[in-house]
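Have a look at the structure below before the remarks.
Atom set for the values below is all heavy atoms of this structure, side chains included, hydrogens, waters and symmetry mates excluded.
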Amino acid sequence: MKILAVDDSATMLEILANTLHEAGHAVVEATNGAEAIKCWSADIDIIISDLNRKVLSGLECLKHKIGRADV
């Protein structure tokens, strides 16, 4: 399973990515919403995202990616 992990806290992102790697998952890391959008591809199975970020919150990132403002 390929997981996109998004968090602006380097410590939290490292903990999350390490835990997922140890569980046998492929992990793509992003430190903000803009990075997440660039990394978000069709082969991503799950996204684990911090909701509160300075650059594109988790919700803003989702709205941008799916092209809907009513989410």
Side-chain angles (χ1 to χ4, degrees):
M1 184 171 296
K2 191 168 184 181
I3 301 172
L4 173 57
V6 190
D7 201 310
D8 56 355
S9 165
T11 303
M12 290 306 296
L13 187 57
E14 182 179 357
I15 291 168
L16 178 59
N18 287 341
T19 302
L20 293 168
H21 280 298
E22 288 174 8
H25 300 292
V27 180
V28 177
E29 299 176 36
T31 60
N32 62 52
E35 260 184 47
I37 288 170
K38 290 178 186 175
C39 297
W40 191 339
S41 59
D43 63 339
I44 297 292
D45 298 302
I46 295 175
I47 300 169
I48 300 174
S49 177
D50 175 18
L51 286 177
N52 297 313
R53 290 187 305 265
K54 293 179 182 173
V55 180
L56 283 178
S57 72
L59 189 55
E60 291 170 332
C61 185
L62 176 63
K63 287 177 181 179
H64 180 274
K65 188 63 178 178
I66 65 172
R68 290 182 53 187
D70 62 338
V71 174

Open item on the list: Test of understanding: clusters of I, L, V, M, F, W, Y form through side-chain heavy atoms closer than 4.5 Å, transitively. Do Ile3 and Leu16 belong to the same one?
Closed with: yes
Task: Co-members of the apolar cluster containing Leu51 [side chain, <4.5 Å] - done: none
Open item on the list: Please give me the minimum heavy-atom distance between Ile46 and Ile44, naming the atom from each residue.
Closed with: O-CG2, 3.4 Å
TODO: Mind checking the CE-CD1 spacing from Met12 to Ile48? Nearest 0.5 Å is all I need.
DONE: 11.0 Å
Sequence neighbours left out, cut at 3.5 Å: what donor-acceptor pairs do the side chains of residues 17-28 make with other protein atoms?
residue: Asn18; atom: ND2; partner: Glu14; partner atom: O; Å: 3.3
residue: Thr19; atom: OG1; partner: Ile15; partner atom: O; Å: 2.8

Without placing hydrogens or testing angles, list every side-chain donor-acceptor pair under 3.5 Å for residues 33-43, not counting sequence neighbours.
residue: Glu35; atom: OE1; partner: Thr31; partner atom: N; Å: 3.0
residue: Glu35; atom: OE2; partner: Thr31; partner atom: OG1; Å: 2.9
residue: Ser41; atom: OG; partner: Asp43; partner atom: OD1; Å: 2.3
residue: Asp43; atom: OD2; partner: Lys2; partner atom: NZ; Å: 2.8

Task: Contacts of type side-chain contact (heavy atoms from CB on, under 4.5 Å), residue Asp50, not counting sequence neighbours - done: Asp7, Asp8, Asn52, Arg53
Task: Smallest separation among heavy atoms of Met1 and Asp45, with atom names - done: CA-OD2, 3.4 Å
